Amino acid sequence: MTKSELMDRLAARFPQLVAKDAEYAVKTILDAMCGAMVAGDRIEIRGFGTFSLNYRPPRMGRNPKSGNQVKVPEKWVPHFKAGKELRDRVDFGARQT
């Protein structure tokens, strides 16, 4: 699902919301989540999952085209871990098909 599909579903589910309001709500939530991650905070949404940062140390990589070694710098990457309720719902839905 894309961000625009999420906004469309939100507007369709709540007819009192104008499409602009649904767009504003989704953007506000995502901006708040991004801000928290940049600050190094962990985000927990009960029943859905947690977002955190994982550190990847510097390493030597390989250019797939030329085969030359290249230095890959250290970086922080977002990590999502699904909660138990989400895992159970997805597993149950997969069994239904």
Side-chain angles (χ1 to χ4, degrees):
M1 174 183 290
T2 63
K3 186 164 70 169
S4 59
E5 289 172 342
L6 177 60
M7 289 184 256
D8 292 342
R9 284 194 187 183
L10 189 60
R13 185 168 181 185
F14 299 100
Q16 70 272 21
L17 276 180
V18 181
K20 281 275 194 202
D21 292 339
E23 178 181 356
Y24 180 73
V26 170
K27 285 185 177 183
T28 301
I29 290 170
L30 293 178
D31 286 345
M33 291 175 72
C34 288
M37 297 280 292
V38 167
D41 295 335
R42 182 173 167 265
I43 301 168
E44 179 179 341
I45 302 172
R46 302 269 173 165
F48 184 70
T50 58
F51 296 88
S52 60
L53 293 175
N54 280 355
Y55 174 74
R56 292 204 180 154
R59 62 184 174 87
M60 291 302 289
R62 208 170 271 290
N63 181 337
K65 189 172 185 179
S66 65
N68 295 337
Q69 284 192 340
V70 292
K71 288 184 179 180
V72 179
E74 67 179 8
K75 59 184 168 181
W76 289 91
V77 293
H79 174 74
F80 174 74
K81 181 176 179 189
K84 183 177 182 333
E85 185 178 332
L86 177 61
R87 288 193 312 265
D88 292 344
R89 289 176 79 172
V90 168
D91 185 42
F92 181 76
R95 290 183 196 174
Q96 298 298 318
T97 57

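Just so you know, residue 1 is the first one in the sequence shown, and it goes up from there. All figures in this text were calculated on a predicted structure; none of them were measured in a lab.
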Nearest 0.5 Å please: distance from the OG1 atom of Thr28 over to the CD atom of Glu23. 10.0 Å
For a quick test of your reading: what N or O donor-acceptor pairs under 3.5 Å do the side chains of residues 59-78 make, sequence neighbours left out?
unit_1, atom_1, unit_2, atom_2, d
Arg62, NH1, Gly67, O, 2.8
Asn63, OD1, Lys65, N, 2.9
Asn63, ND2, Ser66, OG, 3.4
Ser66, OG, Asn68, N, 3.3
Ser66, OG, Asn68, ND2, 3.3
Glu74, OE1, Tyr55, OH, 2.5

Give the cluster check for Ile45 versus Ile29: same hydrophobic cluster or not, with ILVMFWY residues linked at side-chain heavy-atom distances below 4.5 Å. yes
ILVMFWY cluster, Met1 and Leu17 together (side-chain gap under 4.5 Å): yes
Going from CE on Met33 to CZ on Phe51, what distance comes out if it is rounded to the nearest 0.5 angstrom? 4.0 Å
How close do Gly40 and Leu53 get, counting heavy atoms only, and between which atoms? CA-CD1, 4.1 Å
Between Leu10 and Leu30, is there a shared hydrophobic cluster once you connect ILVMFWY residues whose side-chain heavy atoms come closer than 4.5 Å? yes
Verify the distance criterion only: is there a donor paired with an acceptor across the side chains of Ser4 and Thr2 at less than 3.5 Å? yes
Arg42 side chain vs Thr50 backbone, donor-acceptor pair below 3.5 Å: no
Results of side chain to side chain donor-acceptor pair (under 3.5 Å) for Asp91 - residues two or more places apart only: Arg95
Look at atom CZ of Arg9 and say whether more than 12 heavy atoms of other residues, nucleotides or ligands are closer to it than 6.0 Å. no
Quick check for you: to the nearest 0.5 Å, what is the distance between Glu85 atom CD and Arg46 atom CZ? 11.5 Å
Nearest heavy-atom contact between Ala19 and Ala11 is CA-CB, 4.3 Å
Transitively linked via ILVMFWY side-chain contacts under 4.5 Å: Val38 with Ile43? no
When rounded to the nearest 0.5 angstrom, what distance separates CZ in Arg87 from NZ in Lys81? 6.5 Å
Can you confirm whether Leu86 sits close enough to Val90 that some side-chain heavy atom of one is under 4.5 Å from a side-chain heavy atom of the other? yes
